[in-house]
There are 2 protein chains.
Amino acid sequence: MGIMTKNSATKGTTETTPYLLDQQIGFLLRRVQQRHLAIFFDHLPELTSTQFAALAKLCELGSVSQNELGRRVAMDVATIKGVVDRLRARDLAVTKKDPNDQRRLLVRPTKAGRAAFNHFSSAALGVTKETLDPLTQKEAERLLTLLSKLT
Amino acid sequence: MGIMTKNSATKGTTETTPYLLDQQIGFLLRRVQQRHLAIFFDHLPELTSTQFAALAKLCELGSVSQNELGRRVAMDVATIKGVVDRLRARDLAVTKKDPNDQRRLLVRPTKAGRAAFNHFSSAALGVTKETLDPLTQKEAERLLTLLSKLT
DNA sequence: CAAAATCCGTTTGCATACGAATGAGTTTCA
DNA sequence: TGAAACTCATTCGTATGCAAACGGATTTTG
């Protein structure tokens with residue numbers, strides 16, 4: 001009994017690896033994300049990180065269906081709906097039925113939406129910079145490369 | 001106008017860096033976490049990642065106040081309350097008032113809680129392993145080291 | 001063409017996640 | 001000692017995040 005489990009990387013012996021929460025990738029990811037979100041809120045309390053991401057992609061795409069916008073920013077259909085609702089409530093985006101496909105709900109940034117994105121994008125870049133601040137330039141690049149492989 | 005913002009890394013020129021969502025650390029972190037949570041659910045649908053983390057730390061500490069447990073697993077007071085409630089509902093943990101400090105709510109794993117942790121910890125280690133599968137051993141170690149610096 | 005397979009948006013239900021406010025208990029320290 | 005400062009747990013409100021189920025629209029395919 002106890003917290004030991006078999007270590008499949010060894011053979012011939014019955015070595016074990018304890019489960020140490022603080023060394024698990026999932027726990028680390030969660031804590032780094034927490035720190036990042038805190039930094040985001042410091043720099044940009046007007047929008048959530050999620051809302052800004054959707055707005056950024058929306059400004060990049062111009063006009064796009066709600067579902068596809070969700071795919072582009074890796075958000076569930078239920079999640080992207082809420083995010084778009086909140087962007088609409090803040091007059092940063094508008095929606096209308098796609099005349100060519102009655103299923104689709106086209107989303108488009110408003111003037112104010114584009115203005116907000118332009119206004120806040122340097123702050124958002126500052127968030128990235130501050131998040132990576134404990135690392136050297138090389139380390140930061142290495143981290144982004146490694147994370148990309150885990151997508 | 002447009003999506004350009006000043007690049008503070010240059011001087012003497014007015015070079016700009018566009019805001020590219022897909023290259024921001026926050027967006028990458030979010031997507032890697034999504035993948036990790038999906039893998040966790042595949043291996044361990046019985047418990048959420050959060051619940052397992054709290055249970056693991058609880059088994060490590062034995063008996064601890066709800067607030068301190070939250071701090072140890074990096075969860076907000078409101079969040080840890082819900083998690084402990086759900087662990088209690090599954091008979092994996094029990095709580096009682098601390099007789100020495102009326103403010104504190106002591107949390108303790110049940111027999112079933114310890115049994116569940118022992119039973120699932122190898123699966124949880126498998127989650128870590130599969131999450132890091134796209135990386136070599138060296139890369140994985142490097143990643144954990146870099147993430148640790150961002151905590 | 002028409003049935004089957006897809007796709008789209010919505011809703012519901014559950015589980016994090018955090019800020020802020022509240023009330024109760026404990027510690028500090030003037 | 002006694003008020004101020006702090007700690008703890010709870011609650012409320014808001015915002016993700018995902019699974020599942022639904023009805024409607026479109027595309028695929030036999």
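Proteins get letters first, then strands, A, B, ... in listed order; numbering begins at 1 in each. These numbers were taken from a predicted model, which means no experiment stands behind them.
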query: What about B/L21 and A/L37, same hydrophobic cluster or not, with Ile/Leu/Val/Met/Phe/Trp/Tyr joined at side-chain heavy-atom distances under 4.5 Å?
result: no
task: Please determine if B/D22 and A/K57 form a salt bridge, counting it only when a charged side-chain N lies under 4.0 Å from a carboxylate O.
output: yes
query: So does B/K129 pair up with B/D133, basic N to acidic O under 4.0 Å?
result: no
field: Outermost nucleotides of DNA chain C that come under 4.0 Å of a non-hydrogen atom of chain B
entry: C/dA15 to C/dT26
- prompt: Which ones in residues 103-110 of chain A lie close to DNA chain D, meaning a heavy atom under 4.0 Å from one of its atoms?
  reply: A/R103
query: Looking at DNA chain D, which of residues 89-100 of chain B put a heavy atom within less than 4.0 Å of it?
result: none
- line: Expected list for residues 38-50 of chain B near DNA chain C, using heavy atoms below 4.0 Å, is B/T48, B/T50
Full working for side chain to side chain contact (heavy atoms under 4.5 Å, CB included) between B/R104 and B/E68: CA-CA 10 Å; B/R104 289 188 164 91; B/E68 180 167 359; over 6 Å; no
- prompt: How about B/L29 and A/V32: do any of their side-chain heavy atoms sit closer than 4.5 Å?
  reply: yes
message: Side chains of B/E141 and B/L144, heavy atoms from C-beta outward: is any pair under 4.5 Å?
response: no
- request: Return the 5'-most residue of the pair B/D76, A/V77 with respect to DNA chain D, ranking by each residue's nearest nucleotide.
  value: B/D76
field: First of A/Q102 and A/A78 reached from the 5' end of DNA chain D, by closest nucleotide
entry: A/A78
- request: With side chain to side chain contact (heavy atoms under 4.5 Å, CB included) as the test, would you mind laying out the steps for A/R90 and A/Q51 before giving the verdict?
  value: CA-CA 11 Å; A/R90 289 157 173 272; A/Q51 287 164 17; 3.8 Å; yes
message: If you apply the rule side chain to side chain contact (heavy atoms under 4.5 Å, CB included), what do you find for A/T50 with A/V73, and how did you get there?
response: CA-CA 9 Å; A/T50 308; A/V73 290; over 6 Å; no
- prompt: Atom CG of B/L105 and atom CD1 of B/I80: how far apart are they, to the nearest 0.5 Å?
  reply: 11.0 Å
field: B/T151 OG1 to A/R30 CZ distance, which is reported to the nearest 0.5 Å
entry: 11.5 Å
message: Can you give me the first and the last nucleotide of DNA chain D (5' to 3') that has an atom within less than 4.0 angstrom of a non-hydrogen atom in chain B?
response: D/dT7 to D/dC18
query: What are the two closest non-hydrogen atoms of A/P134 and A/E139, and how far apart are they?
result: O-OE1, 4.4 Å
message: Can you give me the closest heavy-atom contact between B/L92 and B/A116, atom names plus distance?
response: CD2-CB, 4.0 Å
message: With a sphere of 6.0 Å drawn around CZ of B/R142, does it hold more than 12 non-hydrogen atoms of other residues, nucleotides or ligands?
response: yes
field: Pair listing, ring pair (Phe, Tyr, Trp, His ring centres under 6.0 Å) test, anchored in residues 29-65 of chain A, at least two apart
entry: A/F52-A/F117, A/F52-B/Y19
task: For B/G82 and for A/N67, find the nucleotide of DNA chain C with the closest heavy atom, then tell me which residue's nucleotide is more 5'.
output: A/N67
message: Set out, in order, the CA-CA distance, both residues' side-chain angles and the distance that settles side chain to side chain contact (heavy atoms under 4.5 Å, CB included) for A/L147 and B/I25, then state yes or no.
response: CA-CA 9 Å; A/L147 285 177; B/I25 178 73; 3.6 Å; yes
